[in-house]
Amino acid sequence: MLYARIAGYGFRRHSTYRAAAVAGAFTNTVFGILRAYVLIALWQTRPGLAGYDLADAVTFCFLSQAFIGPMQVFGGGLELSERVRSGDVALDLLRPASLQMWNLADDLGRACYLLLGRSLPPTIAGAALFGLVVPDDPLTWLSFMTGLVLGVIVSFALRYLVALSACWILDDRGVHTISMVTTLFFSGMVLPLNLFPGRLGTLAEALPWSAMVQVPADLYLGKRDVLEALGFQAMWATALLALGALATNAARRKVVIQGG
């Protein structure tokens with residue numbers, strides 16, 4: 001019940017930033033339209049590329065735009081690194097609750113709000129302008145929503161590790177930048193990972209970032225075995241959360257707080 005209340009608090013807290021959500025939704029819509037026309041030109045030249053038809057490719061484009069907010073594709077979304085620098089993390093560590101689970105619950109609340117406030121507008125605009133694929137099988141919707149939740153958890157676990165690096169380094173901006181670049185490239189945000197050639201494509205699809213964009217989008221489009229896809233996401237979510245728990249214990253023992 002504690003973490004459910006924290007998730008609700010996270011939803012309410014982030015819902016106060018309505019102007020930011022509207023601006024983000026508008027930006028995602030504009031860039032979604034631009035990306036869609038680029039993909040249309042590409043798929044008209046190469047029909048059936050990567051196993052997608054034109055409608056699938058445009059739908060993938062707007063799905064990836066919709067994932068930017070909930071998945072926090074550009075990084076950030078956690079206040080942990082700032083609290084380490086200020087020293088406020090000492091108070092967080094005194095709470096009778098897991099630091100990692102507390103932040104996860106808050107992040108899930110944030111993702112739920114952004115899914116409604118920032119993801120739906122570009123998706124609706126894409127459907128109105130281009131006509132997106134809409135699954136008619138309830139099981140497809142169920143698998144997609146499950147994959148979406150697992151993708152958010154994988155995203156959180158990666159961002160938590162990046163934020164926690166502030167316990168050991170004085171300036172974590174370089175780590176954040178590297179994380180953002182790898183997320184954009186290996187998640188499927190820039191291009192579907194199916195387009196990557198040979199071993200690069202195999203590697204990209206095996207890395208955890210693919211669980212954030214590529215796998216949920218493929219579940220929506222029915223391009224992937226459901227059990228294999230969800231198992232892949234669950235495996236990375238479990239492994240990364242376990243790694244985050246180990247890193248939290250190491251940080252707790254180290255007690256290096258930049259703010260005091």
TODO: Search all heavy atoms of Ser165 against all heavy atoms of Val175 and return the closest pair with its distance.
DONE: OG-CG1, 4.0 Å
- [ ] Dump the intermediate steps for side chain to side chain donor-acceptor pair (under 3.5 Å) on Tyr160 and Asn103, then the final yes or no.
- [x] CA-CA 8 Å; Tyr160 181 81; Asn103 279 274; 5.4 Å; no
Open item on the list: Within this structure, what is the CG-CD distance for the pair Leu164 and Gln100, rounded to the nearest 0.5 Å?
Closed with: 9.0 Å
Task: Backbone of Ala23 reached by a side-chain donor or acceptor of Thr27 within 3.5 Å - done: yes
TODO: Quick one: sort the Phe185 and Phe196 rings into parallel, tilted or perpendicular, breaks at 30° and 60°.
DONE: tilted
TODO: To the nearest 0.5 Å, tell me how far Leu150 CG sits from Ser143 OG.
DONE: 11.0 Å
Task: Heavy-atom check, side chain of Thr123 versus side chain of Leu63, under 4.5 Å - done: no
Task: Beyond-backbone contact of Leu207 with Thr182, side-chain heavy atoms, under 4.5 angstrom - done: no
Task: Student check: side-chain heavy atoms of Met189 and Met71 closer than 4.5 Å - done: no
TODO: Anything under 30° is parallel, anything over 60° is perpendicular, the rest tilted; go ahead and classify Tyr113 against Phe11.
DONE: perpendicular
Open item on the list: Please report whether the ring centroid of Phe60 lies less than 6.0 Å from that of Phe67.
Closed with: no
Open item on the list: Would you say that Thr183 contacts Phe74 through its side chain, given a criterion of any heavy-atom pair below 4.5 Å between the two side chains?
Closed with: no
TODO: Search all heavy atoms of Gln233 against all heavy atoms of Val154 and return the closest pair with its distance.
DONE: O-CG2, 3.8 Å
TODO: Measure the shortest side-chain to side-chain distance between Gln65 and Ile68 over non-hydrogen atoms and say whether it is less than 4.5 angstrom.
DONE: yes
TODO: State, with a plain yes or no, whether a side-chain heavy atom of Leu99 is found less than 4.5 Å away from one of Leu80.
DONE: yes
- [ ] Report the distance from atom CZ of Arg159 to atom CG of Asp107, rounding to the nearest 0.5 Å.
- [x] 4.0 Å
